[in-house]
Amino acid sequence: VCKTAVDAMIPLYVHAPTSTNTNTNTNTTDNDNDSHTSALPSKRRRLENHSSANSSPVPPVAQLPISIVRAMAQKQEIARQAEIARKLEEKGISRKRSRKLNTRGNNCDWKLTYSNGMPRMADACCIAIGGGGFLSVSDYGNVNYHGIPYDVMEVIDRQHCKNIKYVSIGRDGNYYISKTNGRQFSSGPFEGSASRKVKSVTFGNSGTYYVKFTDGSSAWDGNIPDSLSDLLRDRVRVDYLWLSETSSYYPYDCACIVGYNDGMRWSEGDVPAYLEDAVEKYSHKRITQVLADEDSCSFFIRYS
């Protein structure tokens, strides 16, 4: 009875001795120590089992109320649908950009002055060359230029280089600029159109110009060769057209080079050799744009 009472008074967290006792003890004391050390772990286990029984673990989904289960399922489904929509949007943007590049030409060749620092030409929705310089407008609205005529640079800077859509630069102060909001700036024989959207403008000598509209129609004036006028009146689909601003074809007509109907090409007059060679180089491709500045012997060709 006395031994049981002593056992009950021993603290719960008394550790068993870890080293061998060198003192000589009686058999009774050894037996008591053995009983204490063997009893402590069992008491601790009983206490831990009791505490774990009283704790409240998170119940499984099957034991949650049906309203909470439905809310969790709806949240997971909303997240899944949002991820699917994001991936589809990225895929759609990629496809849209690919179609845009294929339409306007996803490859370029050029010889321009001070163009070492220019961004990727394929990312440019508009390229203009003239006055010995160049200007590019990227798909993201960034405008880069160098060496362009002062009056063109002044218009671009007044617009803070923002929302520029299309630029064409000619000689003798001729230019045409349009913005994404429809506003137009021009100087020279072509003053813009209030009723039709302009796609491209090409300037020639002595007030000559050719303009193509987004609806496929076109207009021209000045020293256009009769043979070119006859070709344009046949309502061919013009892929590109370049007019010389310095060279003339007897008596005053502009030298020109035109591509139409996906691969057909026709030229007349004194076309610069470097430009004719560059166009011939890509004659097996679909050329969509030809630009040249005869003063600086610069050119730009877009094809796909």
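Small disclaimer: the values here were computed from a predicted structure and weren't measured.
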Peer 1: Checking E294 side chain against E245 main chain: does a donor-acceptor pair fall under 3.5 Å?
Peer 2: yes
Peer 1: Indicate yes or no for a side-chain donor-acceptor contact from T202 to the backbone of W242 under 3.5 Å, with no hydrogens or angles considered.
Peer 2: no
Peer 1: Between Y274 and K111, is there a side-chain heavy-atom distance shorter than 4.5 Å?
Peer 2: no
Peer 1: Any chance the side chains of R286 and S304 put a donor and an acceptor closer than 3.5 Å?
Peer 2: yes
Peer 1: Apply side chain to side chain contact (heavy atoms under 4.5 Å, CB included) to the pair F190 and V198, showing each step before the final yes or no.
Peer 2: CA-CA 11 Å; F190 178 70; V198 174; 3.9 Å; yes
Peer 1: Side chains of I177 and V152, heavy atoms from C-beta outward: is any pair under 4.5 Å?
Peer 2: yes
Peer 1: Please say whether more than 12 non-hydrogen atoms of neighbouring residues, nucleotides or ligands are located less than 6.0 Å from NZ in K212.
Peer 2: yes
Peer 1: Do I301 and V279 come close enough that some side-chain heavy atom pair is under 4.5 Å?
Peer 2: yes
Peer 1: With rounding to the nearest 0.5 Å, note down the distance linking CD1 in I127 to CG in L291.
Peer 2: 8.0 Å
Peer 1: Between the side chain of N205 and the main-chain N/O of T246, is any donor-acceptor distance below 3.5 Å?
Peer 2: no
Peer 1: Other than L232, which residues form its hydrophobic cluster under the rule that side-chain heavy atoms must be closer than 4.5 Å?
Peer 2: Y210, W220, I224, L228, L231, V236, V238, L241, L243, V258, Y260, M264, W266
Peer 1: Would you mind telling me which of N163, I164, V167 makes a side-chain contact (heavy atoms from CB on, under 4.5 Å) with V143?
Peer 2: I164
Peer 1: Report yes or no: does S187 contribute a side-chain atom to a donor-acceptor pair with the main-chain N or O of G173 at less than 3.5 Å?
Peer 2: yes
Peer 1: State, yes or no, whether a side-chain contact exists between S298 and F134 at a heavy-atom distance under 4.5 Å.
Peer 2: no
Peer 1: The criterion is side chain to side chain contact (heavy atoms under 4.5 Å, CB included); which residues satisfy it with E77, sequence neighbours excluded?
Peer 2: R80, Q81
Peer 1: Search all heavy atoms of C254 against all heavy atoms of P225 and return the closest pair with its distance.
Peer 2: O-CG, 3.3 Å
Peer 1: Do I156 and M153 touch side chain to side chain, with heavy atoms closer than 4.5 Å?
Peer 2: no
Peer 1: Give a yes or no answer on whether the side chain of Q184 reaches the backbone of S193 with a donor-acceptor pair at less than 3.5 Å.
Peer 2: yes
Peer 1: Determine whether more than 12 heavy atoms belonging to other residues, nucleotides or ligands lie under 6.0 Å from atom CD of E191.
Peer 2: no
Peer 1: Does a donor on one side chain and an acceptor on the other come within less than 3.5 Å for D109 and Y282?
Peer 2: yes
Peer 1: Can you pull out every salt bridge (Lys or Arg N to Asp or Glu O under 4.0 Å) where at least one residue sits in residues 160-180? Sequence neighbours excluded, please.
Peer 2: R171-D295
Peer 1: Applying side chain to side chain contact (heavy atoms under 4.5 Å, CB included) to K285 and N107, what does each step give before you reach the verdict?
Peer 2: CA-CA 10 Å; K285 302 288 187 178; N107 295 290; over 6 Å; no
Peer 1: Between R237 and D239, what is the shortest heavy-atom contact and its length?
Peer 2: NH1-OD1, 3.1 Å
Peer 1: Do Y145 and C161 have side chains that get closer than 4.5 Å, going by heavy atoms?
Peer 2: yes
Peer 1: Indicate the atoms forming the closest heavy-atom contact of F203 with I169, along with that distance.
Peer 2: CD1-C, 4.2 Å
Peer 1: Using the rule given for side chain to side chain contact (heavy atoms under 4.5 Å, CB included), can you reason through Y240 versus R265, listing the C-alpha separation, both sets of side-chain angles and the distance that settles it, and then say yes or no?
Peer 2: CA-CA 9 Å; Y240 62 90; R265 179 165 58 95; 3.3 Å; yes
Peer 1: Assess the side chains of S217 and R196: does a donor N or O sit below 3.5 Å from an acceptor N or O?
Peer 2: yes
